[in-house]
2 protein chains.
Amino acid sequence: MKSTIHDVAEKAGVSVATVSRTFSRPDVVSQTTRDKVLQAAKDLDFNISRSAAALKSQQSFRVAMLTSEAHANWFNANISIALNDVLQPAGYDICTYRIANAAERQAFFADLPLRRNVDAVIVNSFSIDGDEISNLKKMNIPVVGINVPSSAGFDATISIDEYESMRLLVRHLHDLGHRDISFVCSNSAQAPLRYSADLRMDAFLRACHDFDDTTPTVIRVPRDKENEDELILSRFLTQSPRPTAICCQSDATAIPLIFKLPRCGVSVPRDVSVLGFDDSTYARQVELTTIHQSPEELGYEAARRTLQLIQGTCPEPRHLTMETYLALRGTTAPPRSSNGQRND
Amino acid sequence: MKSTIHDVAEKAGVSVATVSRTFSRPDVVSQTTRDKVLQAAKDLDFNISRSAAALKSQQSFRVAMLTSEAHANWFNANISIALNDVLQPAGYDICTYRIANAAERQAFFADLPLRRNVDAVIVNSFSIDGDEISNLKKMNIPVVGINVPSSAGFDATISIDEYESMRLLVRHLHDLGHRDISFVCSNSAQAPLRYSADLRMDAFLRACHDFDDTTPTVIRVPRDKENEDELILSRFLTQSPRPTAICCQSDATAIPLIFKLPRCGVSVPRDVSVLGFDDSTYARQVELTTIHQSPEELGYEAARRTLQLIQGTCPEPRHLTMETYLALRGTTAPPRSSNGQRND
DNA sequence: CTGAAAGCGCTTACAG
DNA sequence: CTGAAAGCGCTTACAG
């Protein structure tokens, strides 16, 4: 009922080797033979069995993606789609391993459940450490990183430059005359595996440090709370002196704010400038000034490099930094007293 | 270097059959033997080879998901995560097949590239027709649908009731006193594969039909345009008489509107009520009245049923309708002249 | 509860 | 360009 390579060989009057080659290396079989085989395969509704091909050829045709994010977010959704767009047509499945907490992390890197069962691993925005990378390397397969803390140990990495991005943001605010700037972030203690939250705050503080007349403050709230936006609002409104600009860790934090601030009598950008990070869903429509990045491109580049590494070629360059830019829109403006003086 | 089941058998002093059973059916091997095997496996960094297991056991440990959506959206991202959460721990990979246009659709259902290579197929929000379902069934594997046009031919389906949902929405507006209601949707001619866009409009029109004093109108715009929100705005503002309420096909359409309408001098909900559909990202924060649905639950239920069907048990019930509810929030209010009279 | 053995459906050197 | 043949690493009836 389900036909095998033997059935096709018989029907086409060739050997199974030829049938196999017709699918795996069509260039080495003659046009005439190829046509015969293809016709027979079609008549018999034949597909190559991936499991058999995998077993014999010592490949798994699977690529693992490691991530720590529990919920559906814009960044990961775009990464996944881009990976699938490149890897699927090339014959690879993507298996997503979500590591949600310290126990899972420990278990994963100790057991390495992927050993022998994937052809490459992509580490996505995960705060992986040196020992963990070493463990991964024991599998003797390519290891590719997307937004990882360091490129050390990786066969290829694709990242954005958080520091440069934050510098763009802070310089823009400084140019406008802002001197009191708040950074809003979720408490990283709650999300120890997610890379970039901590980094981004550090980048903000460093960027402010370039200007000795600029006072950065930080508003930290617990992560994944339903009322995150209310907490932030409350903290901001009670700060004294009130900062003239708010840099948010991501658009997802900024968008609720630009909706709610006016309802608290604080006009955006007249009374306070608000900035996001990502240029994600709705950012353009709500005119949010933000840093544009493209997880889709990060994903494409990562997938392409993964494929190259599997085929044994070294991607050029091995470590790529994708450019970001400041999407200048309507939520930033000069502060009310734009003389650069503090009004305290 | 890479150890096989033979190495483990030798080290543990048992047969390969016992090693195999230790992993696939641990209940049938004695505690003592199991411990020996597990220890040997650990010492040798051994994992079962999926390809070999798959080949011999005539399973592929893969589940296909068919979808037509090109871009990352809230619904699909949540579906994917839920499917992965259930299927991955059960040992199944998910391979996502995206069918973007008529040619791909034709090719896919004619060739059935998954034949012999997946254990089940999940059809997600795809406007699949009877012939296509028949084709799928030729593979002799379970076929599960999420939001498909009809449950006919499916081994299991999970859906929401679009009609009932839309009735909730329209009745709420009618109760408030609205009689002129617009439905905003993207042009389905551009997206012939996506199921639910057309259906939702039909549901809206039917729901309005329940009230003979209510006049529905439709604003249709091309899909996936960058300036979709501006087109809608322009159409709405030039309509005469201007509807007192706008029902949007999804939150993604509604959210830009509730941001932009006030900037055109139209206050929400004072001058116009706006409703979404989904209860997706930011809906709560921007106080959008909308229909709540949970793609996560749809995904979990679909995955659970898929697993049951693979194991040969029939899910109960086979066809499940997930409840939705009206999330009553701040973007709906009585129309300005709430006497139910038309002011034309 | 455990073992010996057949075989799942391919790929790939090797030979011609 | 094509074929004969070995074997990838498991699972699973069957026997004990």
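Scope of the values below: all heavy atoms of this structure, side chains included, with no hydrogens, waters or symmetry mates. Just so it is clear, the structure is predicted and the values come from calculations on it, not from any experiment.
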Practice task
Would you mind building the protein contact string for nucleotides 6-16 of chain D? One character per nucleotide, 5' to 3', B for base within reach (heavy atoms under 4.0 Å), S for sugar-phosphate only, - for untouched.
Solution key: BBBBBBBB---
[X]: which residues meet the ring-ring contact (aromatic ring centres under 6.0 Å, His included) condition with it, sequence neighbours left out?
X: A/F109; value: none
X: A/F154; value: none
X: A/F108; value: A/Y97

Handout entry: Check: B/T157 and B/V144 side chains under 4.5 Å, non-hydrogen atoms
Key = no
Exercise for the section: Output all residues satisfying side-chain contact (heavy atoms from CB on, under 4.5 Å) with B/I81, sequence neighbours left out; order by chain, then residue number. Expected result: A/A72, A/R98, B/D85
Problem - Stems where DNA chain C pairs, listed by first number, each of three or more Watson-Crick or G-U pairs under 3.5 Å - result: C:1-3 with D:14-16, C:5-12 with D:5-12, C:14-16 with D:1-3
Handout entry: Salt-bridge criterion met for B/D93 and B/R50 (N-O under 4.0 Å)
Key = yes
Practice task
Output yes when A/D45 and B/R115 qualify as a salt bridge under the 4.0 Å nitrogen-oxygen rule, no when they do not.
Solution key: yes
Completion exercise
Separation of C/dC1 atom C1' from B/K36 atom NZ, nearest Å, is 12 Å
Problem - Side-chain donor or acceptor of A/T22 paired with backbone N/O of A/T18 under 3.5 Å - result: yes
Practice task
Write down the distance separating the C1' atoms in C/dG16 and C/dT12, rounded off to the nearest Å.
Solution key: 16 Å
